[in-house]
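Since the structure comes first, as structure tokens, the remarks are kept for the end.
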Amino acid sequence: MALRRCWRLTGLLLRLPVPPGSSSPVGRLTVSSFINTYGGFKSAEFQLRGFSSEARNTDVSYERLKQLLADGKAVVVDVREPWELREYGLVPGSVNVPLGQVNTALQLDPEEFREKYDGVMPTRTDKIVFLCLAGIRSKTALHTAVALGYGDTLCWSIK
């Protein structure tokens with residue numbers, strides 16, 4: 001029932017343009033509601049959510065990656081498999097976390113991360129650059145990190 005009300009409310013409301021100075025330059029806002037019946041009390045809660053049809057550009061150039069590595073302003077996470085590192089080589093200064101382990105690795109204790117991956121664990125405020133061979137796995141890792149609360153993330157592909 002609450003879901004039906006939510007859809008009815010969002011269907012009736014007009015989509016509003018994003019105000020200037022917000023985080024998404026292109027997109028719209030929508031309002032959804034749900035009925036909270038916890039403890040026998042009924043209360044309606046409204047939630048504003050922004051969405052955009054255009055994703056922000058997360059790709060980083062080779063020159064920018066070199067600059068970030070030289071300045072030490074980014075944690076570079078290589079999401080390729082260990083056999084790929086042996087075959088194609090590794091990026092100096094990067095931490096190898098295979099894509100299948102990114103979700104659990106970013107939730108580890110920093111000491112556990114250091115022991116398992118032999119590198120510094122990025123904090124939620126660090127700039128993180130994910131890299132892989134073609135760019136597909138690095139985008140997947142980027143989305144995983146963003147879902148876990150890491151904000152400043154970029155991707156780079158070797159090819």
Side-chain angles (χ1 to χ4, degrees), residues 3 6-7 10-11 13-32 34 46-159:
L3 184 61
C6 175
W7 283 109
T10 57
L13 289 176
L14 295 174
R15 309 260 175 180
L16 305 170
V18 174
S22 69
S23 61
S24 177
V26 175
R28 298 184 183 273
L29 293 176
T30 186
V31 178
S32 61
F34 60 94
F46 294 93
Q47 183 178 30
L48 271 178
R49 287 185 283 181
F51 67 95
S52 173
S53 59
E54 292 183 21
R56 69 178 180 92
N57 187 10
T58 57
D59 295 332
V60 63
S61 67
Y62 177 69
E63 289 78 23
R64 177 80 174 125
L65 178 64
K66 281 192 341 186
Q67 181 185 12
L68 288 171
L69 281 172
D71 296 343
K73 293 185 177 180
V75 176
V76 180
V77 179
D78 193 335
V79 295
R80 295 178 290 163
E81 296 296 323
W83 68 267
E84 291 177 281
L85 297 177
R86 289 189 297 272
E87 188 168 328
Y88 299 110
L90 58 99
V91 175
S94 67
V95 179
N96 179 239
V97 180
L99 179 62
Q101 300 174 19
V102 168
N103 191 7
T104 56
L106 292 177
Q107 297 179 55
L108 289 175
D109 181 58
E111 287 301 317
E112 289 179 88
F113 186 92
R114 183 183 301 279
E115 288 175 14
K116 187 167 184 174
Y117 299 107
D118 194 30
V120 178
M121 180 177 176
T123 63
R124 296 195 193 284
T125 58
D126 285 342
K127 184 179 289 288
I128 306 171
V129 179
F130 292 101
L131 66 95
C132 70
L133 200 58
I136 297 169
R137 289 176 287 181
S138 60
K139 292 250 190 235
T140 304
L142 179 139
H143 293 301
T144 301
V146 168
L148 291 173
Y150 290 85
D152 199 3
T153 54
L154 301 167
C155 320
W156 184 68
S157 62
I158 294 174
K159 289 188 175 183

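- Residue pairs meeting the ring-ring contact (aromatic ring centres under 6.0 Å, His included) criterion with at least one member in residues 81-108: none, sequence neighbours excluded.
- Listed here is the closest heavy atom pair of Gly119 and Phe113: O-CD2, 3.5 Å.
- For residues 98-125, there are no salt bridge (Lys or Arg N to Asp or Glu O under 4.0 Å) pairs, not counting sequence neighbours.
- Scanning both residues, Thr153 and Ala145, for their nearest heavy atoms gives CG2-CB, 4.1 Å.
- Expressed to the nearest 0.5 Å, how far OG of Ser138 lies from CG of Asp59 amounts to 7.5 Å.
- Atom CG in Leu142 sits 16.0 Å away from atom CH2 in Trp156 (nearest 0.5 Å).
- When every heavy atom of Ser157 is checked against every heavy atom of Ala134, the shortest pair comes out as CB-C, 3.3 Å.
- Interatomic distance, CG of Asp126 versus CE of Met121, reported as 10.0 Å (0.5 Å rounding).
- Residues satisfying the salt bridge (charged side-chain N to carboxylate O under 4.0 Å, His left out) criterion with Lys127, sequence neighbours excluded, are Asp152.
- Glu81 pairs by the side chain to side chain donor-acceptor pair (under 3.5 Å) definition with nothing, not counting sequence neighbours.
- Evaluation of the side-chain hydrogen bond (donor to acceptor under 3.5 Å, both in side chains) test over residues 92-106, restricted to residues two or more places apart or in two chains, returns Gln101-Tyr117, Asn103-Gln107.
- The minimum heavy-atom distance between Ile136 and Cys132, with the atom names listed, is N-SG, 3.7 Å.
- Between Val95 and Val120, the closest side-chain pair of non-hydrogen atoms is not below 4.5 Å.
- Considering only heavy atoms from C-beta on, Val75 stays 4.5 Å or farther from Val129 through its side chain.
- Not one N or O on the side chain of Asp71 forms a donor-acceptor pair closer than 3.5 Å with the backbone of Lys73.
- Between Arg80 and Glu87, no side-chain nitrogen of the basic residue sits less than 4.0 Å from a carboxylate oxygen of the acidic one, so the salt-bridge criterion is not met.
- For the atom pair CG (Leu65) and CG (Leu131), the distance works out to 7.0 Å, reported to the nearest 0.5 Å.
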| Residues Val97, Asp78; criterion side-chain contact (heavy atoms from CB on, under 4.5 Å); working and verdict | CA-CA 6 Å; Val97 180; Asp78 193 335; over 6 Å; no
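- Judged as a side-chain hydrogen bond (donor to acceptor under 3.5 Å, both in side chains), not a single pair has a partner in residues 140-151 (not counting sequence neighbours).
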